[in-house]
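Beneath this line is the structure, given in structure tokens, with notes to follow.
Each chain gets a letter, A, B and so on, in the order its sequence line appears, and its residues count up from 1.
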Number of protein chains: 2
Amino acid sequence: MGTRERRRREVAGREQLFLGAARDLIRQEGLLNLQMSRVAEMCDYAVGTLYQHFVSKEDLLVALASEEAQERVDMFQRVAQWKASTRDRMLGFAVADMLYARRSPEHFRLLQFAFTEVVWTAAPAARRQACIEANAPLRQATLELIDEAVGNGDLDLRGLRPDEFCLAPWALAIGMHSIVHTKGLLEQHGISEPYHLMLRHISELLNGLGWKPLADSTDHAALDALAERICKEVLHAYIC
Amino acid sequence: MGTRERRRREVAGREQLFLGAARDLIRQEGLLNLQMSRVAEMCDYAVGTLYQHFVSKEDLLVALASEEAQERVDMFQRVAQWKASTRDRMLGFAVADMLYARRSPEHFRLLQFAFTEVVWTAAPAARRQACIEANAPLRQATLELIDEAVGNGDLDLRGLRPDEFCLAPWALAIGMHSIVHTKGLLEQHGISEPYHLMLRHISELLNGLGWKPLADSTDHAALDALAERICKEVLHAYIC
DNA sequence: CGCGGATTCTGAATTCGATTCAAATTCTGA
DNA sequence: TCAGAATTTGAATCGAATTCAGAATCCGCG
């Protein structure tokens, strides 16, 4: 009988429950104050039960980071299906990142923490793998776009492999997220709209990488209009 | 009498002692296993004494991150004084970062951790400020270089403030460090020489930003030669 | 010198929270 | 309905950061 199967589903559902509670607690009181016992309590389960799902706090954190990846993946896939030039879609990924970061700043703080040696190393290997895989579609979408751009002549990789190429925008985005989410750094630089700048800089990077059609770096209005258009046409469902 | 003064110096020296011990322990056993009691023990002091210098473990970590910043600052200043085009010096900063990251990968893991919400927030504000200031010369050197480039016509900021401009290479570098120091990420992408790529991508970014003289992105040999030259002429003292 | 108060050091005791595990409970299949 | 098997429970354990009451040391002065 399917009893065993039903049970499995119940248990899987509980995993979501725990992750949701953890997310809420983090939202309310910050990553710093997250306590395993509070997570269990909030779900009306004993701590021991929580530990059947996650062998350690680190395990839970990485699992949470994996689960939250899905929404960003959805946004990327939406952009990937957009009918527009390869270059505009590449910018679209950046816009997606920007919107997502505004919607869920906590997610980036969590990612930043989860990828830290201390946490990452302490999480079980299987969970780490799952986290990498949960984020893999972002990479996949980017690689496919790069292939398409190469195929139709928008882009010449100049001897790089697609993976090597996409490291550039990827690093720029990750770095920007790190900077934005470290309290006190931007204030010092007097920067108020970091993600707006990120778009500009990614556009300039794409110019430097020779992704056609090259954009006129002077024409700020055009870039803003493009970003606006991406928000309206493609990512309207995700605007905060 | 100067007794009071001598004492102050002894105490300051002890701070270095503690930081040095912490650094060694981290090297040996990893950030994960750092214990306050071990740090004190290794210096033949009681834990209480350690806590007179650092009110918490986070305080110690951020202090360590600040102290270690000095060497990188030295490298940057060396590059800043190099007689070369503004653009080559900008590349030089990237080379310095690369060499430093190879020499002290632990430092970046520490920085990554220290800038994490959990640690950063838990450190006293004064210490955070000090850490930002310890790193400020990096920013300062970059801003001065940008000013010089603007002054002699190598660079047109296109309406950006220098701080906004330098966010681009800064984010790219930070992002690259994050990616490199997260175990398992690069393997997935099959990237073996990330910092080599970073130089290439920073050069392409500078092209996109219009920093003259523009480089020929096809000419890999030229870039390699430049990096080589910077190592030999400017940063020889820091090569591992 | 030697003294009393101020300062600094000490490390055992406390605290806090993650993690464990023996007992209690619930489920399963016959 | 019953004997295991599987799951859940939460009090007990453990580990490490942090504290703090007393011990030791220092300082300036008579």
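- As a whole-Å value, the separation of B/Asp59 CG from D/dT19 P is 12 Å.
- A heavy-atom distance below 4.0 Å to DNA chain C is reached by none of the residues of residues 16-33 of chain B.
- Between the CG atom of B/Leu61 and the P atom of D/dT18 there is a distance of 10 Å, rounded to whole Å.
- A salt bridge links B/Arg103 with B/Glu71; the closest basic N to acidic carboxylate O contact falls under 4.0 Å.
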Exercise. Can you list the steps and then say if B/Glu106 with B/Arg23 is a salt bridge (Lys or Arg N to Asp or Glu O under 4.0 Å)?
Worked result: CA-CA 9 Å; B/Glu106 286 307 333; B/Arg23 179 171 27 249; over 6 Å; no
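- One finds no salt bridge joining B/Glu164 and A/Arg200 here, because no Lys/Arg side-chain nitrogen approaches an Asp/Glu carboxylate oxygen to under 4.0 Å.
- With rounding to the nearest 0.5 angstrom, the CG atom of B/Asn135 is 8.5 Å from the CD1 atom of B/Ile132.
- C/dA30 is paired with D/dT1 under the criterion used here, namely a Watson-Crick or G-U wobble arrangement in which both key atom distances are under 3.5 Å.
- Salt bridge status for B/Lys183 with A/Glu117: absent, with no side-chain N to carboxylate O gap under 4.0 Å.
- One can place CZ of A/Phe54 at 21 Å from P of C/dG17, the figure rounded to the nearest angstrom.
- Ion pairing of B/Glu15 with B/Arg127 is present here, as a side-chain N (NZ or NE/NH1/NH2) and a carboxylate O approach within less than 4.0 Å.
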Restricting to nitrogen or oxygen on both sides, can you table the protein-nucleotides 18-25 of chain C pairs closer than 3.5 Å?
from: C/dA18; atom 1: OP1; to: A/Leu34; atom 2: O; distance (Å): 3.3
from: C/dA18; atom 1: OP1; to: A/Lys57; atom 2: NZ; distance (Å): 3.0
from: C/dA18; atom 1: OP2; to: A/Met36; atom 2: N; distance (Å): 3.1
from: C/dT19; atom 1: OP2; to: A/Tyr51; atom 2: OH; distance (Å): 2.6
from: C/dT19; atom 1: OP2; to: A/Lys57; atom 2: N; distance (Å): 2.9
from: C/dT19; atom 1: O5'; to: A/Tyr51; atom 2: OH; distance (Å): 3.4

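- Under the 6.0 Å distance and 45° angle rule, A/Arg102 does not count as a cation-pi partner of A/Tyr195.
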For this session: Could you walk me through whether A/Cys131 and A/Trp120 pass side chain to side chain contact (heavy atoms under 4.5 Å, CB included), step by step?
Result: CA-CA 10 Å; A/Cys131 185; A/Trp120 192 244; 4.2 Å; yes
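- For the pair B/Arg14 and B/Tyr45, the cation-pi test (distance below 6.0 Å, angle within 45°) is passed.
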Extract from the structure each pairing of a protein N or O with an N or O of nucleotides 21-25 of chain D at less than 3.5 Å, listing the distance.
none

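- The main-chain N or O of A/Ala123 is found under 3.5 Å from a side-chain atom of A/Arg128 such that the two form a donor-acceptor pair.
- Side-chain nitrogen and oxygen atoms of A/Gln52 include none within less than 4.0 Å of the OP1 or OP2 phosphate oxygen of D/dT7.
- C/dA12 atom P lies 16 Å from atom CG of B/Leu50, rounded to whole Å.
- Aromatic ring centroids of A/Trp170 and B/His189 lie under 6.0 Å apart.
- In this structure, A/Glu41 places its CD atom 13 Å from P of D/dT9, rounding to the nearest Å.
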